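A quick note: this is a predicted structure, and the numbers were derived from the prediction, not measured. Both ligands and their constituent atoms are indexed starting at 1 by order of listing.
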Amino acid sequence: MNDSYLNFANSAVGAKLADALGLPKPIVLDRYKEGQPVIKGSLLIGGGSDAPLLPTLAKIFKSIGVQTVAPRHLPQWLPLANQAGLMSGRWGVDDQPGEKVKALVFDATGLTDSTQSDALYQFFHDAARSVLPCGRVIIFGRPPEKCANPRQATIQRALEGLTRSLAKELKRAIAVQLVYVAEGAEDQLESTVRFLLSPRSTYVSAQVIRVGLPVGAGGTPSDWNKPLAGKKVLVTGASRGIGASIAEVMVREGATVICLDVPQAQPGLNEIAAKLGATAIELDIGAADAPQKLVDAAKADGGWDVIVHNAGITRDKTIANMKERFWQMVMNVNLSTQERINDALVESGVLKSGARIVCVSSISGIAGNMGQTNYALSKAGVIGMVQSTAPVFAKHGVTINAVAPGFIETQMTAAIPFAMREAGRRMNSMSQGGLPVDVAEAIVWFANPASSGLTGNVVRVCGQSLIGA
Ligand SMILES: NC(=O)c1ccc[n+]([C@@H]2O[C@H](COP(=O)([O-])OP(=O)(O)OC[C@H]3O[C@@H](n4cnc5c(N)ncnc54)[C@H](O)[C@@H]3O)[C@@H](O)[C@H]2O)c1
(Lines give C-alpha, C1' and ligand atoms only; values in the text may rest on other atoms or scores of the structure.)
Protein backbone atom coordinates (compact mmCIF):
# COMPACT_ATOMS: atom_id res chain seq x y z
CA MET A 1 0.00 0.00 0.00
CA ASN A 2 1.41 3.35 -1.04
CA ASP A 3 1.62 6.08 1.60
CA SER A 4 1.12 9.07 -0.71
CA TYR A 5 1.37 11.61 2.14
CA LEU A 6 4.89 10.31 2.96
CA ASN A 7 5.94 11.00 -0.65
CA PHE A 8 4.23 14.40 -0.63
CA ALA A 9 5.81 15.48 2.68
CA ASN A 10 9.21 14.60 1.22
CA SER A 11 8.72 16.75 -1.90
CA ALA A 12 9.92 20.41 -1.93
CA VAL A 13 6.39 21.84 -2.03
CA GLY A 14 5.00 19.27 0.42
CA ALA A 15 7.74 19.89 2.98
CA LYS A 16 7.03 23.67 2.93
CA LEU A 17 3.29 23.13 3.23
CA ALA A 18 3.70 20.63 6.08
CA ASP A 19 5.89 23.18 7.92
CA ALA A 20 3.41 26.01 7.36
CA LEU A 21 0.43 23.95 8.56
CA GLY A 22 2.28 22.18 11.37
CA LEU A 23 1.57 18.75 9.82
CA PRO A 24 3.69 15.68 10.62
CA LYS A 25 6.79 15.34 8.43
CA PRO A 26 7.61 11.63 8.19
CA ILE A 27 11.04 11.00 6.70
CA VAL A 28 11.81 8.09 4.38
CA LEU A 29 13.17 5.38 6.67
CA ASP A 30 16.55 3.74 6.00
CA ARG A 31 16.01 0.08 5.14
CA TYR A 32 18.62 -2.65 4.91
CA LYS A 33 19.93 -3.58 1.47
CA GLU A 34 21.62 -6.94 1.09
CA GLY A 35 25.34 -6.82 1.84
CA GLN A 36 25.47 -3.24 3.15
CA PRO A 37 27.49 -2.51 6.31
CA VAL A 38 25.70 -2.69 9.67
CA ILE A 39 26.06 1.05 10.22
CA LYS A 40 27.09 3.92 7.97
CA GLY A 41 28.70 6.57 10.19
CA SER A 42 30.45 6.67 13.52
CA LEU A 43 29.20 5.74 16.97
CA LEU A 44 29.50 7.83 20.12
CA ILE A 45 30.04 5.74 23.23
CA GLY A 46 29.15 6.80 26.77
CA GLY A 47 28.92 5.26 30.20
CA GLY A 48 28.82 5.77 33.93
CA SER A 49 32.06 5.99 35.93
CA ASP A 50 31.71 2.24 36.38
CA ALA A 51 30.88 0.81 32.94
CA PRO A 52 31.63 -2.93 33.02
CA LEU A 53 30.19 -3.66 29.57
CA LEU A 54 32.71 -1.51 27.69
CA PRO A 55 35.29 -4.26 27.01
CA THR A 56 32.53 -6.48 25.51
CA LEU A 57 31.21 -3.60 23.43
CA ALA A 58 34.71 -2.81 22.12
CA LYS A 59 35.02 -6.42 20.88
CA ILE A 60 31.57 -6.34 19.24
CA PHE A 61 32.23 -2.99 17.54
CA LYS A 62 35.51 -4.38 16.22
CA SER A 63 33.68 -7.42 14.82
CA ILE A 64 31.03 -5.18 13.22
CA GLY A 65 33.62 -2.73 11.87
CA VAL A 66 32.23 0.40 13.54
CA GLN A 67 34.27 3.54 14.03
CA THR A 68 33.78 4.95 17.54
CA VAL A 69 34.31 8.28 19.27
CA ALA A 70 34.19 9.00 23.00
CA PRO A 71 33.67 12.17 25.05
CA ARG A 72 36.25 13.27 27.61
CA HIS A 73 34.02 11.92 30.43
CA LEU A 74 34.89 8.43 29.29
CA PRO A 75 38.71 8.32 29.41
CA GLN A 76 38.70 4.53 29.82
CA TRP A 77 37.33 4.03 26.30
CA LEU A 78 40.45 4.84 24.26
CA PRO A 79 42.70 2.21 25.92
CA LEU A 80 39.90 -0.37 25.66
CA ALA A 81 39.35 0.44 22.01
CA ASN A 82 43.10 0.21 21.34
CA GLN A 83 43.20 -3.16 23.04
CA ALA A 84 40.37 -4.42 20.81
CA GLY A 85 42.08 -3.02 17.69
CA LEU A 86 39.19 -0.63 17.16
CA MET A 87 39.42 2.76 15.41
CA SER A 88 38.48 5.38 17.97
CA GLY A 89 38.89 9.09 18.61
CA ARG A 90 37.80 11.91 20.89
CA TRP A 91 34.37 13.50 20.50
CA GLY A 92 34.04 17.24 21.18
CA VAL A 93 36.62 19.80 22.27
CA ASP A 94 36.36 22.33 25.12
CA ASP A 95 32.83 21.26 25.97
CA GLN A 96 31.69 21.81 22.37
CA PRO A 97 29.93 18.88 20.67
CA GLY A 98 31.92 16.92 18.12
CA GLU A 99 30.97 15.49 14.73
CA LYS A 100 27.48 14.19 13.89
CA VAL A 101 27.21 10.47 14.60
CA LYS A 102 24.92 7.67 13.44
CA ALA A 103 24.55 6.07 16.86
CA LEU A 104 24.79 6.68 20.59
CA VAL A 105 25.52 3.77 22.91
CA PHE A 106 25.50 4.18 26.69
CA ASP A 107 26.67 1.56 29.17
CA ALA A 108 24.45 2.00 32.23
CA THR A 109 25.08 -1.51 33.57
CA GLY A 110 27.28 -0.12 36.34
CA LEU A 111 24.68 2.26 37.78
CA THR A 112 23.76 1.10 41.27
CA ASP A 113 21.95 4.09 42.75
CA SER A 114 19.62 6.84 41.54
CA THR A 115 22.14 9.50 42.64
CA GLN A 116 24.38 8.37 39.76
CA SER A 117 21.96 9.47 37.04
CA ASP A 118 24.00 12.61 36.25
CA ALA A 119 26.16 10.57 33.91
CA LEU A 120 23.06 9.94 31.77
CA TYR A 121 22.18 13.63 31.76
CA GLN A 122 25.69 14.70 30.79
CA PHE A 123 25.94 12.27 27.89
CA PHE A 124 22.49 12.66 26.36
CA HIS A 125 22.37 16.44 26.98
CA ASP A 126 25.63 16.91 25.10
CA ALA A 127 24.87 14.45 22.29
CA ALA A 128 21.12 14.80 21.66
CA ARG A 129 21.53 17.21 18.72
CA SER A 130 24.39 15.26 17.17
CA VAL A 131 22.56 12.14 15.96
CA LEU A 132 21.98 11.85 12.21
CA PRO A 133 18.48 11.10 10.84
CA CYS A 134 17.51 7.40 11.11
CA GLY A 135 20.18 7.14 13.80
CA ARG A 136 20.24 4.65 16.63
CA VAL A 137 20.50 4.86 20.42
CA ILE A 138 21.10 1.85 22.65
CA ILE A 139 21.19 1.99 26.43
CA PHE A 140 22.50 -1.09 28.20
CA GLY A 141 21.35 -1.95 31.71
CA ARG A 142 21.03 -4.89 34.10
CA PRO A 143 17.64 -6.66 34.45
CA PRO A 144 16.06 -5.04 37.54
CA GLU A 145 14.51 -8.35 38.66
CA LYS A 146 18.02 -9.82 38.99
CA CYS A 147 19.65 -6.85 40.74
CA ALA A 148 21.42 -7.38 44.04
CA ASN A 149 19.47 -4.75 45.99
CA PRO A 150 16.48 -2.37 45.68
CA ARG A 151 18.60 0.74 44.98
CA GLN A 152 20.26 -0.89 42.00
CA ALA A 153 16.96 -2.35 40.74
CA THR A 154 15.37 1.09 41.02
CA ILE A 155 17.88 2.98 38.89
CA GLN A 156 17.97 0.13 36.36
CA ARG A 157 14.17 0.14 36.06
CA ALA A 158 14.27 3.94 35.70
CA LEU A 159 16.13 3.52 32.41
CA GLU A 160 12.85 2.50 30.74
CA GLY A 161 11.42 6.00 31.24
CA LEU A 162 14.53 7.63 29.81
CA THR A 163 14.49 5.30 26.79
CA ARG A 164 10.86 5.95 25.92
CA SER A 165 11.18 9.72 26.35
CA LEU A 166 14.33 9.94 24.25
CA ALA A 167 12.56 7.94 21.53
CA LYS A 168 9.84 10.60 21.47
CA GLU A 169 12.19 13.59 21.72
CA LEU A 170 14.94 12.82 19.26
CA LYS A 171 12.51 12.52 16.32
CA ARG A 172 13.93 12.28 12.72
CA ALA A 173 13.27 8.51 12.83
CA ILE A 174 15.96 7.94 15.45
CA ALA A 175 15.21 4.65 17.22
CA VAL A 176 16.05 4.21 20.91
CA GLN A 177 16.18 0.88 22.76
CA LEU A 178 17.02 -0.43 26.21
CA VAL A 179 18.84 -3.74 26.41
CA TYR A 180 18.97 -5.45 29.79
CA VAL A 181 21.88 -7.85 29.75
CA ALA A 182 22.09 -10.41 32.54
CA GLU A 183 25.41 -10.90 34.36
CA GLY A 184 27.34 -13.57 32.50
CA ALA A 185 25.36 -13.10 29.26
CA GLU A 186 27.66 -10.42 27.81
CA ASP A 187 28.90 -12.73 25.05
CA GLN A 188 25.30 -13.23 23.84
CA LEU A 189 24.95 -9.61 22.73
CA GLU A 190 26.36 -9.42 19.23
CA SER A 191 23.29 -10.41 17.17
CA THR A 192 21.20 -7.90 19.13
CA VAL A 193 23.73 -5.07 18.78
CA ARG A 194 24.00 -5.74 15.04
CA PHE A 195 20.21 -5.70 14.64
CA LEU A 196 19.64 -2.58 16.70
CA LEU A 197 22.43 -0.53 15.08
CA SER A 198 21.43 -1.46 11.54
CA PRO A 199 18.58 -0.26 9.30
CA ARG A 200 16.99 -3.69 9.85
CA SER A 201 15.46 -2.28 13.05
CA THR A 202 14.08 0.82 11.34
CA TYR A 203 10.50 0.48 12.69
CA VAL A 204 11.46 -0.82 16.15
CA SER A 205 11.71 1.89 18.80
CA ALA A 206 11.37 2.36 22.56
CA GLN A 207 11.66 -1.37 23.20
CA VAL A 208 13.03 -3.15 26.25
CA ILE A 209 14.94 -6.28 25.31
CA ARG A 210 16.29 -8.86 27.71
CA VAL A 211 19.42 -10.85 26.86
CA GLY A 212 20.13 -13.76 29.17
CA LEU A 213 22.28 -16.85 29.43
CA PRO A 214 22.28 -18.96 26.26
CA VAL A 215 19.57 -21.53 25.59
CA GLY A 216 20.57 -24.63 23.62
CA ALA A 217 23.05 -24.75 20.77
CA GLY A 218 23.90 -21.50 19.05
CA GLY A 219 27.16 -19.86 18.17
CA THR A 220 28.52 -17.19 15.93
CA PRO A 221 27.59 -17.50 12.25
CA SER A 222 30.59 -17.88 9.94
CA ASP A 223 28.96 -15.32 7.62
CA TRP A 224 26.85 -12.61 9.28
CA ASN A 225 25.19 -11.94 5.93
CA LYS A 226 23.95 -15.55 5.73
CA PRO A 227 23.47 -16.55 9.38
CA LEU A 228 20.70 -19.02 8.53
CA ALA A 229 22.69 -21.01 5.99
CA GLY A 230 21.80 -24.69 6.41
CA LYS A 231 18.73 -23.93 8.55
CA LYS A 232 15.23 -25.14 7.76
CA VAL A 233 12.49 -22.65 8.52
CA LEU A 234 8.71 -23.15 8.56
CA VAL A 235 6.66 -19.97 7.97
CA THR A 236 2.89 -20.21 8.40
CA GLY A 237 0.58 -17.89 6.48
CA ALA A 238 3.35 -17.40 3.92
CA SER A 239 1.30 -16.85 0.75
CA ARG A 240 1.04 -13.07 1.16
CA GLY A 241 1.53 -10.02 3.38
CA ILE A 242 3.90 -10.26 6.31
CA GLY A 243 4.32 -14.05 5.93
CA ALA A 244 5.54 -13.76 2.32
CA SER A 245 8.03 -11.12 3.43
CA ILE A 246 9.28 -13.30 6.32
CA ALA A 247 9.87 -16.18 3.87
CA GLU A 248 11.73 -13.85 1.51
CA VAL A 249 13.99 -12.41 4.21
CA MET A 250 14.69 -15.90 5.61
CA VAL A 251 15.89 -16.97 2.13
CA ARG A 252 18.01 -13.81 1.87
CA GLU A 253 19.66 -14.85 5.16
CA GLY A 254 20.53 -18.25 3.70
CA ALA A 255 17.68 -20.43 5.03
CA THR A 256 15.78 -23.19 3.27
CA VAL A 257 12.14 -22.26 3.70
CA ILE A 258 8.93 -24.27 3.99
CA CYS A 259 5.95 -22.03 3.19
CA LEU A 260 2.61 -23.06 4.68
CA ASP A 261 -0.86 -21.68 4.03
CA VAL A 262 -4.49 -22.81 3.77
CA PRO A 263 -5.51 -24.75 0.61
CA GLN A 264 -7.60 -21.72 -0.56
CA ALA A 265 -4.37 -19.68 -0.72
CA GLN A 266 -2.72 -22.18 -3.08
CA PRO A 267 -2.08 -19.82 -6.06
CA GLY A 268 -0.22 -17.27 -3.92
CA LEU A 269 1.51 -20.00 -1.94
CA ASN A 270 2.82 -21.75 -5.04
CA GLU A 271 3.95 -18.47 -6.54
CA ILE A 272 5.97 -17.42 -3.50
CA ALA A 273 7.39 -20.93 -3.01
CA ALA A 274 8.51 -21.06 -6.68
CA LYS A 275 10.04 -17.58 -6.46
CA LEU A 276 12.05 -18.51 -3.35
CA GLY A 277 12.88 -22.11 -4.22
CA ALA A 278 10.86 -23.09 -1.13
CA THR A 279 8.68 -26.09 -0.35
CA ALA A 280 4.93 -25.44 -0.10
CA ILE A 281 2.61 -27.09 2.44
CA GLU A 282 -1.15 -26.62 2.07
CA LEU A 283 -2.61 -27.03 5.52
CA ASP A 284 -5.22 -25.39 7.72
CA ILE A 285 -3.30 -25.06 10.99
CA GLY A 286 -6.63 -24.85 12.81
CA ALA A 287 -7.47 -28.47 11.93
CA ALA A 288 -7.28 -30.98 14.78
CA ASP A 289 -4.67 -33.14 13.00
CA ALA A 290 -2.41 -30.20 11.99
CA PRO A 291 0.15 -30.70 14.84
CA GLN A 292 0.66 -34.37 13.91
CA LYS A 293 0.90 -33.54 10.19
CA LEU A 294 3.60 -30.99 10.96
CA VAL A 295 5.51 -33.43 13.17
CA ASP A 296 5.41 -35.96 10.28
CA ALA A 297 6.53 -33.34 7.74
CA ALA A 298 9.40 -32.17 9.97
CA LYS A 299 10.50 -35.79 10.55
CA ALA A 300 10.45 -36.54 6.83
CA ASP A 301 12.52 -33.37 6.27
CA GLY A 302 15.20 -34.38 8.80
CA GLY A 303 14.01 -31.88 11.45
CA TRP A 304 13.37 -28.13 11.45
CA ASP A 305 15.36 -25.29 13.01
CA VAL A 306 12.93 -22.36 13.06
CA ILE A 307 9.13 -22.15 13.33
CA VAL A 308 7.45 -18.83 12.58
CA HIS A 309 3.80 -18.67 13.68
CA ASN A 310 2.71 -15.86 11.41
CA ALA A 311 -0.72 -17.13 10.25
CA GLY A 312 -3.46 -15.14 11.92
CA ILE A 313 -7.01 -14.02 11.29
CA THR A 314 -9.38 -11.27 12.38
CA ARG A 315 -13.18 -11.50 12.67
CA ASP A 316 -13.95 -8.05 14.08
CA LYS A 317 -17.26 -7.16 15.81
CA THR A 318 -18.08 -5.68 19.19
CA ILE A 319 -18.58 -8.53 21.62
CA ALA A 320 -22.34 -7.94 21.83
CA ASN A 321 -22.60 -8.47 18.07
CA MET A 322 -20.02 -11.23 17.70
CA LYS A 323 -21.03 -14.73 16.66
CA GLU A 324 -19.68 -17.49 18.89
CA ARG A 325 -18.05 -19.28 15.96
CA PHE A 326 -15.97 -16.16 15.10
CA TRP A 327 -14.81 -15.98 18.70
CA GLN A 328 -13.78 -19.64 18.59
CA MET A 329 -12.22 -19.46 15.11
CA VAL A 330 -9.93 -16.55 16.03
CA MET A 331 -8.88 -18.10 19.35
CA ASN A 332 -8.20 -21.44 17.68
CA VAL A 333 -6.10 -20.19 14.71
CA ASN A 334 -4.28 -17.38 16.53
CA LEU A 335 -3.54 -19.14 19.80
CA SER A 336 -4.78 -22.62 20.76
CA THR A 337 -3.49 -24.29 17.61
CA GLN A 338 -0.07 -22.66 18.06
CA GLU A 339 0.11 -24.02 21.62
CA ARG A 340 -0.72 -27.51 20.32
CA ILE A 341 1.78 -27.27 17.46
CA ASN A 342 4.59 -26.05 19.73
CA ASP A 343 3.98 -28.80 22.27
CA ALA A 344 3.84 -31.47 19.55
CA LEU A 345 7.02 -30.24 17.80
CA VAL A 346 9.02 -29.83 21.01
CA GLU A 347 7.88 -33.09 22.63
CA SER A 348 8.40 -35.19 19.47
CA GLY A 349 12.01 -33.99 19.23
CA VAL A 350 11.72 -32.93 15.56
CA LEU A 351 13.07 -29.48 16.36
CA LYS A 352 16.83 -29.45 16.06
CA SER A 353 19.13 -28.42 18.88
CA GLY A 354 19.13 -24.61 19.19
CA ALA A 355 15.74 -24.34 17.50
CA ARG A 356 13.84 -21.07 17.51
CA ILE A 357 10.09 -20.44 17.70
CA VAL A 358 8.97 -16.93 16.76
CA CYS A 359 5.35 -15.83 17.18
CA VAL A 360 3.44 -12.86 15.84
CA SER A 361 1.37 -11.00 18.42
CA SER A 362 -0.07 -7.51 17.84
CA ILE A 363 -0.34 -4.17 19.61
CA SER A 364 -4.05 -5.00 19.81
CA GLY A 365 -3.00 -7.68 22.27
CA ILE A 366 -1.15 -5.05 24.32
CA ALA A 367 -3.52 -2.08 24.14
CA GLY A 368 -6.84 -3.71 23.27
CA ASN A 369 -8.93 -2.46 20.38
CA MET A 370 -12.59 -1.63 19.78
CA GLY A 371 -14.27 -4.51 17.95
CA GLN A 372 -11.36 -6.89 18.55
CA THR A 373 -12.09 -8.62 21.86
CA ASN A 374 -11.49 -12.02 20.25
CA TYR A 375 -8.35 -10.92 18.37
CA ALA A 376 -6.88 -9.03 21.35
CA LEU A 377 -7.58 -12.00 23.62
CA SER A 378 -5.75 -14.30 21.23
CA LYS A 379 -2.80 -11.94 20.65
CA ALA A 380 -2.38 -11.17 24.37
CA GLY A 381 -2.51 -14.95 24.78
CA VAL A 382 0.42 -15.25 22.37
CA ILE A 383 2.41 -13.05 24.77
CA GLY A 384 1.34 -15.26 27.65
CA MET A 385 2.35 -18.36 25.71
CA VAL A 386 5.79 -16.95 24.90
CA GLN A 387 6.49 -15.87 28.47
CA SER A 388 5.19 -19.04 30.12
CA THR A 389 6.72 -21.57 27.73
CA ALA A 390 10.15 -19.89 27.46
CA PRO A 391 11.52 -21.57 30.62
CA VAL A 392 9.87 -24.89 29.72
CA PHE A 393 11.22 -24.97 26.15
CA ALA A 394 14.64 -23.78 27.36
CA LYS A 395 15.06 -27.22 28.92
CA HIS A 396 14.80 -28.61 25.37
CA GLY A 397 17.26 -26.02 24.04
CA VAL A 398 14.50 -24.12 22.21
CA THR A 399 13.95 -20.34 22.40
CA ILE A 400 10.56 -18.68 21.94
CA ASN A 401 9.98 -14.96 21.33
CA ALA A 402 7.33 -12.77 19.75
CA VAL A 403 7.08 -9.66 17.66
CA ALA A 404 4.06 -7.40 18.14
CA PRO A 405 3.48 -5.38 14.96
CA GLY A 406 1.72 -2.04 15.03
CA PHE A 407 0.35 -0.47 11.85
CA ILE A 408 1.91 -2.39 8.96
CA GLU A 409 1.09 -1.60 5.31
CA THR A 410 -0.64 -4.80 4.13
CA GLN A 411 -3.91 -5.84 2.44
CA MET A 412 -5.36 -6.06 5.96
CA THR A 413 -4.62 -2.41 6.81
CA ALA A 414 -5.44 -1.19 3.26
CA ALA A 415 -9.02 -2.30 3.94
CA ILE A 416 -9.38 0.05 6.96
CA PRO A 417 -11.52 3.18 6.25
CA PHE A 418 -9.41 6.22 5.19
CA ALA A 419 -9.67 8.35 8.35
CA MET A 420 -8.90 5.47 10.68
CA ARG A 421 -6.07 4.31 8.43
CA GLU A 422 -4.46 7.78 8.45
CA ALA A 423 -4.76 7.96 12.25
CA GLY A 424 -3.21 4.50 12.61
CA ARG A 425 -0.37 5.42 10.29
CA ARG A 426 0.60 8.73 11.87
CA MET A 427 0.11 8.03 15.59
CA ASN A 428 3.65 6.84 16.21
CA SER A 429 7.10 8.38 16.55
CA MET A 430 7.91 7.68 12.87
CA SER A 431 4.61 9.28 11.64
CA GLN A 432 4.16 6.44 9.16
CA GLY A 433 3.20 2.78 8.90
CA GLY A 434 5.78 0.02 8.86
CA LEU A 435 6.35 -2.39 5.99
CA PRO A 436 6.07 -6.21 6.17
CA VAL A 437 9.84 -6.38 5.78
CA ASP A 438 10.27 -4.49 9.08
CA VAL A 439 8.44 -7.30 10.90
CA ALA A 440 10.43 -9.90 8.96
CA GLU A 441 13.77 -8.32 9.96
CA ALA A 442 12.88 -8.55 13.66
CA ILE A 443 11.88 -12.19 13.20
CA VAL A 444 15.17 -13.14 11.51
CA TRP A 445 17.06 -11.48 14.37
CA PHE A 446 15.30 -13.83 16.82
CA ALA A 447 15.96 -16.75 14.43
CA ASN A 448 19.70 -16.06 14.23
CA PRO A 449 21.82 -18.88 15.72
CA ALA A 450 23.68 -16.19 17.68
CA SER A 451 20.43 -15.16 19.41
CA SER A 452 20.53 -17.97 22.01
CA GLY A 453 20.38 -15.38 24.80
CA LEU A 454 16.98 -14.16 23.63
CA THR A 455 13.97 -16.01 24.93
CA GLY A 456 10.65 -14.88 26.37
CA ASN A 457 10.97 -11.45 24.69
CA VAL A 458 8.08 -9.56 23.11
CA VAL A 459 9.31 -6.79 20.86
CA ARG A 460 6.93 -4.33 19.24
CA VAL A 461 7.51 -3.40 15.61
CA CYS A 462 5.35 -0.29 15.75
CA GLY A 463 7.54 2.83 15.37
CA GLN A 464 6.72 3.58 19.04
CA SER A 465 2.99 3.63 18.47
CA LEU A 466 1.22 5.90 20.90
CA ILE A 467 -1.37 3.17 21.38
CA GLY A 468 -0.63 0.96 24.36
CA ALA A 469 2.76 2.60 24.92
N1 LIG B 1 -0.93 -6.09 9.10
C2 LIG B 1 -0.81 -5.57 10.31
O3 LIG B 1 -0.81 -4.34 10.47
C4 LIG B 1 -0.67 -6.48 11.51
C5 LIG B 1 -0.57 -5.87 12.76
C6 LIG B 1 -0.42 -6.67 13.88
C7 LIG B 1 -0.33 -8.05 13.75
N8 LIG B 1 -0.44 -8.61 12.53
C9 LIG B 1 -0.34 -10.08 12.47
O10 LIG B 1 0.62 -10.44 11.51
C11 LIG B 1 0.29 -11.69 10.93
C12 LIG B 1 0.24 -11.56 9.41
O13 LIG B 1 -0.65 -10.52 9.11
P14 LIG B 1 -0.95 -10.03 7.60
O15 LIG B 1 -1.34 -8.61 7.71
O16 LIG B 1 0.15 -10.41 6.71
O17 LIG B 1 -2.29 -10.86 7.33
P18 LIG B 1 -2.82 -11.58 6.00
O19 LIG B 1 -4.27 -11.80 6.22
O20 LIG B 1 -2.41 -10.80 4.79
O21 LIG B 1 -2.02 -12.95 6.01
C22 LIG B 1 -2.30 -13.99 6.92
C23 LIG B 1 -2.00 -15.30 6.24
O24 LIG B 1 -2.32 -16.34 7.16
C25 LIG B 1 -3.00 -17.36 6.46
N26 LIG B 1 -3.85 -18.14 7.35
C27 LIG B 1 -4.97 -17.72 7.98
N28 LIG B 1 -5.52 -18.73 8.65
C29 LIG B 1 -4.76 -19.83 8.44
C30 LIG B 1 -4.84 -21.18 8.85
N31 LIG B 1 -5.84 -21.61 9.61
N32 LIG B 1 -3.88 -22.05 8.43
C33 LIG B 1 -2.86 -21.61 7.66
N34 LIG B 1 -2.74 -20.34 7.23
C35 LIG B 1 -3.68 -19.46 7.61
C36 LIG B 1 -3.83 -16.59 5.43
O37 LIG B 1 -4.28 -17.42 4.37
C38 LIG B 1 -2.86 -15.51 4.99
O39 LIG B 1 -2.05 -15.94 3.93
C40 LIG B 1 -1.04 -12.11 11.55
O41 LIG B 1 -0.80 -12.98 12.63
C42 LIG B 1 -1.61 -10.79 12.03
O43 LIG B 1 -2.51 -10.97 13.08
C44 LIG B 1 -0.60 -7.86 11.41
Exercise. Any side-chain donor-acceptor pair under 3.5 Å between Ser63 and Arg194?
Worked result: yes
For this session: Could you check whether the rings of Phe124 and Phe106 sit parallel, tilted or perpendicular, using 30° and 60° as the cut-offs?
Result: tilted
Exercise. Side chain of Arg200, backbone of Phe195: donor and acceptor closer than 3.5 Å?
Worked result: no
For this session: Would you mind finding which of Val333, Val382, Thr236, Asp261 brings a heavy atom closest to atom 34 (N) of ligand 1?
Result: Asp261
Seminar exercise, completed: Logged contact type for Ile242 with ligand 1, heavy-atom cut-off 4.0 Å, is both
Problem set entry | Pair Arg426 + Asp3, salt bridge at N-O below 4.0 Å | yes
Problem set entry | Close approach of Gln411 to ligand 1, heavy atoms, under 4.0 angstrom | no
Exercise. Can you list the ligand 1 atoms lying under 4.0 Å from a non-hydrogen atom of Gly241?
Worked result: 16 (O)
Exercise. Roughly how far, to the nearest 0.5 Å, is the CZ atom of Arg425 from the CD1 atom of Ile408?
Worked result: 12.0 Å
Exercise. Any idea which of Ile281, Val262, Val360, Thr337 brings a heavy atom closest to atom 30 (C) of ligand 1?
Worked result: Val262
For this session: Could you tell me whether Ile285 and ligand 1 have an N or O pair separated by under 3.5 Å?
Result: yes
For this session: Check for a donor-acceptor pair, side chain of Arg340 on one end and backbone N or O of Pro291 on the other, with a separation under 3.5 Å.
Result: no
For this session: Would you give the length of the straight line joining atom SG of Cys134 to atom CD1 of Ile27, rounded to the nearest 0.5 angstrom?
Result: 4.0 Å
Exercise. At a 4.0 Å threshold, what atoms of ligand 1 neighbour a non-hydrogen atom of Leu260?
Worked result: 33 (C)
Seminar exercise, completed: A student checking ligand 1 against Asp284 at a 4.0 Å heavy-atom cut-off should list atoms 30 (C), 31 (N), 32 (N)
Exercise. Taking only heavy atoms of Ser361, which atoms of ligand 1 are found under 4.0 Å from at least one of them?
Worked result: 7 (C)
Exercise. Does any N or O in the side chain of Gln207 come within less than 3.5 Å of the main-chain N or O of Ser205, such that one atom is a donor and the other an acceptor?
Worked result: yes
Exercise. For ligand 1, which atoms have a heavy atom of Ser239 less than 4.0 angstrom away?
Worked result: 39 (O)
Exercise. Any N/O of Ser362 closer than 3.5 Å to an N/O of ligand 1?
Worked result: no
Exercise. If you measure from each heavy atom of Ala238 to ligand 1, is any distance below 4.0 Å?
Worked result: no
Exercise. Side chain, backbone, both or neither: which part of Gln264 comes within less than 4.0 Å of ligand 1 when only heavy atoms are counted?
Worked result: neither
Exercise. Does Gly406 have a heavy atom less than 4.0 Å from any atom of ligand 1?
Worked result: yes
Problem set entry | Identity and distance of the protein heavy atom lying nearest atom 8 (N) of ligand 1 | Tyr375 OH, 3.6 Å
Problem set entry | atom 35 (C) of ligand 1: the protein heavy-atom neighbour that sits closest, reported with distance to 0.1 Å | Ala311 CB, 3.6 Å
Seminar exercise, completed: of all protein heavy atoms, closest to atom 24 (O) of ligand 1 is Gly237 CA, 3.4 Å
For this session: Give the residue and atom name of whichever protein heavy atom lies nearest to atom 4 (C) of ligand 1, and the separation in Å to one decimal.
Result: Met412 CE, 3.7 Å
Exercise. Does Lys231 come within less than 4.0 Å of Glu253, counting only side-chain N to carboxylate O?
Worked result: no
Exercise. Can you check whether Val360's main-chain N or O pairs, donor with acceptor, with Lys379's side chain at less than 3.5 Å?
Worked result: yes
Problem set entry | Donor-acceptor pair, side chain of Ser239 and main chain of Leu269, under 3.5 angstrom | no
Seminar exercise, completed: Taking only non-hydrogen atoms of Ile313 and a 4.0 Å limit, the atoms of ligand 1 in range are 27 (C), 28 (N)
Exercise. Can you tell me if Glu409 has a non-hydrogen atom under 4.0 Å from ligand 1?
Worked result: no
Problem set entry | Side-chain (Asn448) to main-chain (Trp445) donor-acceptor, under 3.5 angstrom | no
Seminar exercise, completed: Honestly, for Ala404 the part within reach of ligand 1 (heavy atoms, under 4.0 Å) is neither
Exercise. Quick one: nearest non-hydrogen protein atom to atom 20 (O) of ligand 1, plus distance?
Worked result: Arg240 NE, 2.9 Å
Exercise. Any luck finding a side-chain donor-acceptor pair between Ser429 and Gln464 under 3.5 Å?
Worked result: yes
Exercise. Going by distance only, is there an N or O of Thr413 that falls short of 3.5 Å from an N or O of ligand 1?
Worked result: no
Exercise. Does an N or O anywhere in Ile408 fall below 3.5 Å from an N or O of ligand 1?
Worked result: yes
Exercise. Hey, is Leu283 one of the residues with a heavy atom under 4.0 angstrom from ligand 1?
Worked result: yes
Problem set entry | Main-chain N/O of Arg210 paired to Asn457 side chain as donor or acceptor, under 3.5 Å | yes
For this session: Measure from the side-chain N and O atoms of Asn310 to the backbone N and O of Thr236, and report whether any donor-acceptor pair falls under 3.5 Å.
Result: yes
Problem set entry | Minimum-distance protein heavy atom relative to atom 12 (C) of ligand 1 | Asn310 OD1, 3.1 Å
Exercise. Any idea which protein heavy atom is nearest atom 1 (N) of ligand 1, and the distance to it?
Worked result: Thr410 OG1, 3.1 Å
